[in-house]
Amino acid sequence: RRITVLAGGVGGARFTRGLLRAEPEASVTVVANTGDDLWLAGLRVCPDLDSLMYTLGGISDDERGWGRRDESERVSAELNAYGVGWPWFTLGDLDIGTHIARTSMLRDGLPLSAVTERVAARWNLGARLLPATDDEVETLVTVAADGGATERVHFEEWWVRTRATRPALAFTQANVAASRPAPGVLDAIADADLVMIAPSNPVVSIGTILGIPGIADAVRQTDAPVVGVSPIIGGAVVRGMADACLTAIGVETSAEAVGQHYGARRHGGLIDAWLVDSVDASATRALEAAGLRAHARPLWFTTVDETAAIAADAIALATS
Ligand code: GDP
Ligand code: FO1
Ligand code: CA
């Protein structure tokens, strides 16, 4: 069975780890968000690709959800002393090794997709990892500035430096109109037996992937069923800042509203089925009325086995 997952960082990585346990025989392709990527201290940093690689490779700091386990921060301290980079954005020493390797290959002229394949080959991921695009498409957040003006800051600055305390007025993806899906992305969606939308941030993770010209159409047109898992439980984000992102695009922070936002494929939307948490069971009727298959069950990723059971239920909902 060929399964293609659209994924962001932590939510996408944890979900995919469970999926691989539930479906050890499946051939899984992960299409990863690259909108959080940035140049920092001369290095190309790809937070969501790295969260996926480290988590699936079994080398992640699971408490934080990003970065390597058993990490040290000596190089970051040196960079801070030189005034290079962002003092509030910490790059671990082992993580910097990944960024140097990646940047070196990019400098040699390889596209990000080829670089990712080479870097990921070191770890036994059990899945193929594809960046959504080889082009630099970075998410910018519009926030209010002094004197009634607005300014745009990089997503990581808005989130990590100011913890989403400046209300987001809009999200834009620099350069997105001219970008193209990375090689293999459209085929992975068209040729899949099942497409899954991970419980990732619907705006800055999944929204950014779907904004790359051609990807949303591929999802609408694939012969495979498309199933999503809600990142919202009981009207709240499990972690992160998806609520602040959803508010900016005028979508309520609820499992039902996010399912409706993706919309039923039979009515021109992106999904056929939507898995919500048990506390959101009352939303299933409205979701079904909107043309979706809907089912409720606990959606907390407490253990890898429990996450595998969630992934298995999502597959059953989409394919039963
Ligand atoms: P990021 O790139 O690290 O922000 O990660 P993603 O975009 O992949 O996922 C972030 C989303 O994961 C957040 O909106 C959370 O609501 C969701 N999430 C995190 N843990 C869980 C969980 O245990 N269950 C569910 N259903 N969603 C989760
Ligand atoms: N998140 C933080 O909250 N603080 C950091 O200093 C930080 C550094 C960092 C370095 C590399 C990397 O791949 C990820 C990093 N993150 C950090 C996490 C991450 O950028 C964001 O939490 C997610 O992208 C949010 O979607
Ligand atoms: Ca992210």
Side-chain angles (χ1 to χ4, degrees), residues 5-18 30-38 40-41 43-55 60-62 64-68 71 73 75-76 80 85-99 102 132 138-139 141 154-164 197-209 228-246 253-255 258 274-280 296-304 306-307 310-311 313-314:
V5 186
L6 308 189
V10 181
R14 292 196 174 147
F15 174 75
T16 305
R17 182 170 57 184
V30 182
V31 175
N33 171 45
T34 49
D36 301 1
D37 297 7
L38 70 160
L40 200 62
L43 302 173
R44 191 66 178 160
V45 180
C46 302
D48 290 359
L49 277 171
D50 288 344
S51 290
L52 284 155
M53 180 169 80
Y54 296 155
T55 301
S60 60
D61 181 329
D62 275 351
R64 287 191 309 196
W66 49 271
R68 293 278 299 267
E71 187 55 292
E73 292 167 359
V75 176
S76 224
N80 287 345
W86 286 341
W88 37 266
F89 198 81
T90 307
L91 300 177
D93 296 335
L94 299 175
D95 194 33
I96 285 175
T98 304
H99 308 321
R102 173 188 295 127
E138 298 183 5
T139 299
V141 190
H154 191 282
F155 166 74
E156 294 290 2
E157 179 169 356
W158 174 75
W159 168 236
V160 177
R161 185 182 190 182
T162 58
R163 285 290 160 208
I197 298 186
S200 290
N201 188 307
V203 183
V204 295
S205 294
I206 304 299
T208 300
I209 296 172
V229 177
S230 178
I232 308 297
I233 298 178
V237 290
V238 179
R239 55 182 287 161
M241 50 13 237
D243 44 352
C245 302
L246 287 165
T253 300
S254 74
V258 174
W274 187 237
L275 193 62
V276 302
D277 189 88
S278 306
V279 299
D280 299 308
R297 59 104 69 222
L299 287 188
W300 288 88
F301 299 159
T302 50
T303 62
V304 181
E306 175 59 14
T307 312
I310 293 170
D313 277 3

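Quick note: residue numbers are just sequence positions, from 1. Remember, it's 1-based here, ligands and their atoms both numbered in the order they're listed.
Formation of a donor-acceptor pair under 3.5 Å by the D61 side chain with backbone atoms of W66 is not found in this model. Looking at R102, its side chain does come within 3.5 Å of a backbone N or O of R44 through a donor-acceptor pair. In this structure a side-chain-to-backbone donor-acceptor pair under 3.5 Å is present from W274 to A255. With hydrogens and angles disregarded, a donor-acceptor distance shorter than 3.5 Å links the side chain of S200 to the backbone of G12. At least one donor-acceptor pair closer than 3.5 Å links the side chain of D277 to the backbone N or O of L299.
Minimum heavy-atom separation, V160 to R163: O-NE, 4.0 Å. Scanning both residues, H154 and D36, for their nearest heavy atoms gives CE1-O, 3.4 Å. The two residues A314 and V229 come nearest to each other via the heavy atoms CB-CG2, 3.9 Å. Closest non-hydrogen pair, V258 versus P202, comes out as CG1-CG, 3.8 Å. Nearest heavy-atom pair across L6 and I206 is O-CD1, 3.5 Å. Closest of all the heavy-atom pairs between L40 and G85 is CD1-CA, 4.1 Å.
Checking only distances, E156 does come within under 3.5 Å of ligand 2, N or O to N or O. At least one N/O-N/O distance between D36 and ligand 2 falls below 3.5 Å.
Of the heavy atoms in R64, none comes closer than 4.0 Å to ligand 2. Residue contacts with ligand 2, taken as heavy atom pairs separated by less than 4.0 Å, involve R163 solely via side-chain atoms from C-beta onward. At a 4.0 Å heavy-atom cut-off, ligand 2 touches W88 through the backbone alone.
The protein non-hydrogen atom at the shortest distance from atom 16 (N) of ligand 2 is W66 CD2, 3.3 Å. Looking only at protein heavy atoms, the nearest one to atom 6 (O) of ligand 2 is T90 N, 2.9 Å. Protein heavy atom closest to atom 13 (O) of ligand 2, with residue, atom name and distance, is P47 CA, 3.2 Å. Among all non-hydrogen protein atoms, the one lying nearest atom 22 (O) of ligand 2 is W159 NE1, 3.3 Å. Remark: minimum distance from atom 11 (C) of ligand 2 to any protein heavy atom is reached at D95 OD2, 3.3 Å. Looking only at protein heavy atoms, the nearest one to atom 4 (N) of ligand 2 is V160 CG1, 3.3 Å.
Contact check on E306 versus R14 returns no salt bridge, with no Lys/Arg side-chain nitrogen under 4.0 Å from an Asp/Glu carboxylate oxygen.
Summarising the geometry, atom CG belonging to D50 is positioned 10.0 Å from atom CZ belonging to R68; distances are rounded to the nearest 0.5 Å.
Listed by chain and residue number, the protein N/O/S atoms under 3.0 Å of the Ca ion (ligand 3) are D36 OD2, D48 OD1, D48 OD2, with waters left out.
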Check ligand 1 for N or O atoms under 3.5 Å from a protein N or O and list each pair with its distance.
{"unit_1": "ligand 1", "atom_1": "2 (O)", "unit_2": "G9", "atom_2": "N", "d": "2.9"}
{"unit_1": "ligand 1", "atom_1": "2 (O)", "unit_2": "D48", "atom_2": "OD1", "d": "3.1"}
{"unit_1": "ligand 1", "atom_1": "2 (O)", "unit_2": "D48", "atom_2": "OD2", "d": "3.4"}
{"unit_1": "ligand 1", "atom_1": "3 (O)", "unit_2": "V10", "atom_2": "N", "d": "2.9"}
{"unit_1": "ligand 1", "atom_1": "5 (O)", "unit_2": "G9", "atom_2": "N", "d": "3.3"}
{"unit_1": "ligand 1", "atom_1": "5 (O)", "unit_2": "V10", "atom_2": "N", "d": "3.0"}
{"unit_1": "ligand 1", "atom_1": "5 (O)", "unit_2": "G11", "atom_2": "N", "d": "3.4"}
{"unit_1": "ligand 1", "atom_1": "7 (O)", "unit_2": "N201", "atom_2": "N", "d": "2.8"}
{"unit_1": "ligand 1", "atom_1": "7 (O)", "unit_2": "S205", "atom_2": "OG", "d": "2.6"}
{"unit_1": "ligand 1", "atom_1": "8 (O)", "unit_2": "G9", "atom_2": "N", "d": "3.0"}
{"unit_1": "ligand 1", "atom_1": "8 (O)", "unit_2": "G11", "atom_2": "N", "d": "3.2"}
{"unit_1": "ligand 1", "atom_1": "8 (O)", "unit_2": "G12", "atom_2": "N", "d": "2.9"}
{"unit_1": "ligand 1", "atom_1": "8 (O)", "unit_2": "S200", "atom_2": "OG", "d": "2.6"}
{"unit_1": "ligand 1", "atom_1": "9 (O)", "unit_2": "G11", "atom_2": "N", "d": "3.2"}
{"unit_1": "ligand 1", "atom_1": "12 (O)", "unit_2": "P199", "atom_2": "O", "d": "2.9"}
{"unit_1": "ligand 1", "atom_1": "16 (O)", "unit_2": "P231", "atom_2": "O", "d": "2.7"}
{"unit_1": "ligand 1", "atom_1": "16 (O)", "unit_2": "V238", "atom_2": "N", "d": "3.2"}
{"unit_1": "ligand 1", "atom_1": "23 (O)", "unit_2": "F301", "atom_2": "N", "d": "2.8"}
{"unit_1": "ligand 1", "atom_1": "24 (N)", "unit_2": "L299", "atom_2": "O", "d": "2.7"}
{"unit_1": "ligand 1", "atom_1": "26 (N)", "unit_2": "S230", "atom_2": "O", "d": "3.0"}
{"unit_1": "ligand 1", "atom_1": "26 (N)", "unit_2": "L299", "atom_2": "O", "d": "3.2"}

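Partners of D93 according to the salt bridge (charged side-chain N to carboxylate O under 4.0 Å, His left out) rule, which considers only residues two or more places apart in sequence or in another chain, do not exist here. Applying the ring pair (Phe, Tyr, Trp, His ring centres under 6.0 Å) rule to W88 yields the partners W86; only residues at least two apart in sequence or on another chain are considered.
Residue D48 approaches ligand 2 through these ligand atoms, each under 4.0 Å from one of its heavy atoms: 24 (O).
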